[in-house]
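Please read the structure below before turning to the comments.
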2 protein chains.
Amino acid sequence: MKNNPLSPARNPDLRQIVYEKLKEAIVEGIIRPGSKLSEIELADKLAVSRTPVREAIRQLAQTGLVTLTPRRGAYVTLPTKKDAEDLYELRRDLEKMAVRNICLNPPEHKLKHFRQIFENMDDSTEHSEYLKEDQDFHLFLYKECGNKYLRKMLNNIIDMINLCRTYSVESDVKISSFAKGHVEVIDTLLAGDCEKAEGFMDDHIALTKQSLLKFLEEHPEGVVYDE
Amino acid sequence: MKNNPLSPARNPDLRQIVYEKLKEAIVEGIIRPGSKLSEIELADKLAVSRTPVREAIRQLAQTGLVTLTPRRGAYVTLPTKKDAEDLYELRRDLEKMAVRNICLNPPEHKLKHFRQIFENMDDSTEHSEYLKEDQDFHLFLYKECGNKYLRKMLNNIIDMINLCRTYSVESDVKISSFAKGHVEVIDTLLAGDCEKAEGFMDDHIALTKQSLLKFLEEHPEGVVYDE
DNA sequence: GGATTTAAAATGCTATACAACTTTTTCATA
DNA sequence: TATGAAAAAGTTGTATAGCATTTTAAATCC
């Protein structure tokens, strides 16, 4: 008698809904980095009270997507070039760790599923399709890494990475080389060669980072150089 | 109509104050793991309204110190043995990363300061004194690591580590070996031997982890074994 | 025009209220 | 006495109103 199948459509949980909506809007670039998040304005637009908006904003601040300035409000974080570099440095180590753990007991079936997807990609593949599968693959790795805290941190960091990535959407990268990187990671994982798998993941993240930084250098508008 | 001299001498930023107070109470073991955090009760005890308490609790949930159950409230996280293992695994990699970065440009003066402190320690040193200096040293490394996001994560994880550590306060470890580990890290950092420094940090964290796990095995009360 | 004062707006918090949900208590029934 | 359903009490999540302090914008004065 726990959950009635005819129970009302959904648990409201407005805070979570507002959080997701804001996150999406920020990551997709609808709300631009640097712009202000007015509690009143957002509450008005989303047709909720200030309470869930406040809590959602604070939740976003903890992942770094939003920067809080006491008594002045919340602003969408405007990542600097160093931020992007720091994020990728951290991501590299964390994903290597995930790969290391997964290698101890690789989920064969799903890995083969992803292998097939990436093997069939080439430079004619839609950029958006690659992005989607790439996202799915990495989220899959996070879920399977077996370390609750590592998973949490990776899920946090990926939001910031995506924020940085909005800058580089139309970047002219070679899809094939990214896809190949994934296949290499998967193959070594399936073969149980942990050390090599880590190395391939290292290469893959390095390539992604390089691609983003190249884009940032070519498009300095909106990117802040600190120090 | 300016400042009433009889205005309440209250510090602003209640949320942060409540957050710190709760964090301390949890990490010090005053509020036991597993116990419930009632918004009303805490608001009452701290003489504030529910709002800052709610926000502080949510902030604590982000670091993992508190576990939120929808519609049922917030509970102080009761770490399992696997939690402790996961935390130390993550901590090891993150601190190695910090050491790697610091090694590129080591802050000589302060490192020497810490070196002296740890060099003068032996098995007769007060356990509490070692704990304090150990804490300070690691926080110092976090601050100097040069990567904003790494710093944030390390500061988060150390709270959870401390929560686990409350169990092992009276652990009968050899202070000298811990202190020696620090000196080794510092010396290799000062010498600019990054690889070795990382290795020594690895050993140091491994030793700390081993000490905690040994304690947990000898004192299974209050520790949950999952899976 | 530039500086100073005043007004408007936003945040941080308080307080109250209420619906939905949990937990506890009560109480009837086996 | 134990069991289980029904009622009561308590909490959370959200909403709304309001106030103090501070920031921001506008207005005023020199």
Side-chain angles (χ1 to χ4, degrees), chain A residues 1-23 25-26 31-32 34-62 65-78, chain B residues 1-23 25-26 31-32 34-62 65-78:
Chain A
M1 72 179 249
K2 281 257 175 86
N3 261 346
N4 185 339
L6 295 177
S7 63
R10 199 141 40 83
N11 222 337
D13 201 359
L14 282 183
R15 182 183 69 252
Q16 201 58 29
I17 293 173
V18 173
Y19 172 79
E20 297 291 344
K21 273 183 186 264
L22 286 182
K23 188 176 104 176
I26 291 170
I31 307 180
R32 290 275 190 76
S35 59
K36 185 172 178 183
L37 293 176
S38 157
E39 289 180 8
I40 295 172
E41 188 188 324
L42 288 171
D44 206 45
K45 272 186 183 159
L46 296 168
V48 297
S49 77
R50 273 173 67 199
T51 312
V53 172
R54 272 181 75 82
E55 295 191 351
I57 286 176
R58 263 145 195 81
Q59 213 171 320
L60 286 165
Q62 280 158 344
L65 272 136
V66 160
T67 304
L68 295 176
T69 314
R71 284 271 159 210
R72 296 192 55 195
Y75 295 80
V76 177
T77 302
L78 206 157
Chain B
M1 70 194 209
K2 286 282 156 66
N3 253 349
N4 185 341
L6 296 176
S7 66
R10 205 91 99 78
N11 213 315
D13 205 358
L14 281 182
R15 182 182 68 252
Q16 201 59 28
I17 293 173
V18 173
Y19 172 79
E20 297 291 346
K21 274 183 185 261
L22 286 181
K23 187 175 104 177
I26 291 170
I31 308 181
R32 291 272 191 77
S35 59
K36 185 173 179 181
L37 294 176
S38 160
E39 291 180 7
I40 295 172
E41 189 189 324
L42 288 172
D44 205 44
K45 272 186 183 158
L46 297 168
V48 297
S49 77
R50 273 174 66 200
T51 310
V53 173
R54 275 181 72 82
E55 295 188 351
I57 286 176
R58 265 151 192 79
Q59 213 172 319
L60 287 165
Q62 211 275 335
L65 244 50
V66 160
T67 305
L68 256 37
T69 313
R71 287 265 165 214
R72 297 192 56 195
Y75 295 80
V76 178
T77 302
L78 206 155

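Chain letters run A, B, ... following the sequence lines, proteins first, then strands; residues in each count from 1.
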Working to the nearest 0.5 angstrom, can you tell me the gap between [X] [atom1] and [Y] [atom2]?
{"X": "Lys36(B)", "Y": "Thr67(B)", "atom1": "NZ", "atom2": "OG1", "value": "13.5 Å"}
{"X": "Ile26(A)", "Y": "Ser35(A)", "atom1": "CD1", "atom2": "OG", "value": "8.0 Å"}
{"X": "Ile57(A)", "Y": "Ser38(A)", "atom1": "CD1", "atom2": "OG", "value": "8.0 Å"}

Can you tell me if [X] touches the phosphate of [N], counting only side-chain N or O atoms and a distance under 4.0 Å to OP1 or OP2?
{"X": "Ser49(A)", "N": "dA15(D)", "value": "yes"}
{"X": "Arg54(B)", "N": "dG13(D)", "value": "yes"}
{"X": "Arg58(B)", "N": "dG13(D)", "value": "yes"}

Please report the distance, rounded to the nearest Å, between [atom1] in [X] and [atom2] in [N].
{"X": "Arg50(B)", "N": "dT11(D)", "atom1": "CZ", "atom2": "P", "value": "10 Å"}
{"X": "Ile57(A)", "N": "dT11(C)", "atom1": "CD1", "atom2": "C1'", "value": "11 Å"}
{"X": "Ile17(B)", "N": "dG12(C)", "atom1": "CD1", "atom2": "C1'", "value": "12 Å"}
{"X": "Leu14(B)", "N": "dA20(D)", "atom1": "CG", "atom2": "C1'", "value": "12 Å"}
{"X": "Glu55(B)", "N": "dG12(C)", "atom1": "CD", "atom2": "C1'", "value": "8 Å"}

* Closest approach of Val18(A) to Ala56(A) (non-hydrogen atoms, all atoms of both residues) ->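 Of all heavy-atom pairs spanning Val18(A) and Ala56(A), the closest is CG1-CB, 3.6 Å.
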* List the steps, then state whether side-chain contact (heavy atoms from CB on, under 4.5 Å) holds for Tyr75(B) with Leu37(B). => CA-CA 6 Å; Tyr75(B) 295 80; Leu37(B) 294 176; over 6 Å; no
* Contacts of type side-chain hydrogen bond (donor to acceptor under 3.5 Å, both in side chains), residue Lys45(A), not counting sequence neighbours ->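 Lys45(A) satisfies side-chain hydrogen bond (donor to acceptor under 3.5 Å, both in side chains) with Glu41(A) once adjacent residues are dropped.
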* How would you list, by chain and number, every residue that makes a salt bridge (charged side-chain N to carboxylate O under 4.0 Å, His left out) with Arg32(A), sequence neighbours excluded? ->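 For Arg32(A), no residue satisfies salt bridge (charged side-chain N to carboxylate O under 4.0 Å, His left out) once neighbours in sequence are set aside.
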* Partner set under salt bridge (charged side-chain N to carboxylate O under 4.0 Å, His left out) for Arg54(A), not counting sequence neighbours ->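 For Arg54(A) the salt bridge (charged side-chain N to carboxylate O under 4.0 Å, His left out) partners, ignoring immediate neighbours, are Glu39(A), Glu55(B).
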* To do: Return the set of residues passing side-chain contact (heavy atoms from CB on, under 4.5 Å) with Gln59(B) (not counting sequence neighbours), or none when no residue passes.
  =>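 Listed in chain order: Gln62(A), Arg15(B), Gln16(B), Tyr19(B).
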* To do: Using heavy atoms and a sub-4.0 Å distance, could you list which residues of residues 34-47 of chain A are near DNA chain C? By number, please.
  =>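 Close to the strand are Lys36(A), Leu37(A), Ser38(A), Glu39(A), Ile40(A).
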Using a cut-off of under 3.5 Å, enumerate the N/O to N/O pairs linking the protein to nucleotides 22-25 of chain C.
from	atom 1	to	atom 2	distance (Å)
dT23(C)	OP1	Arg72(B)	NE	2.7
dT23(C)	OP1	Arg72(B)	NH2	2.4

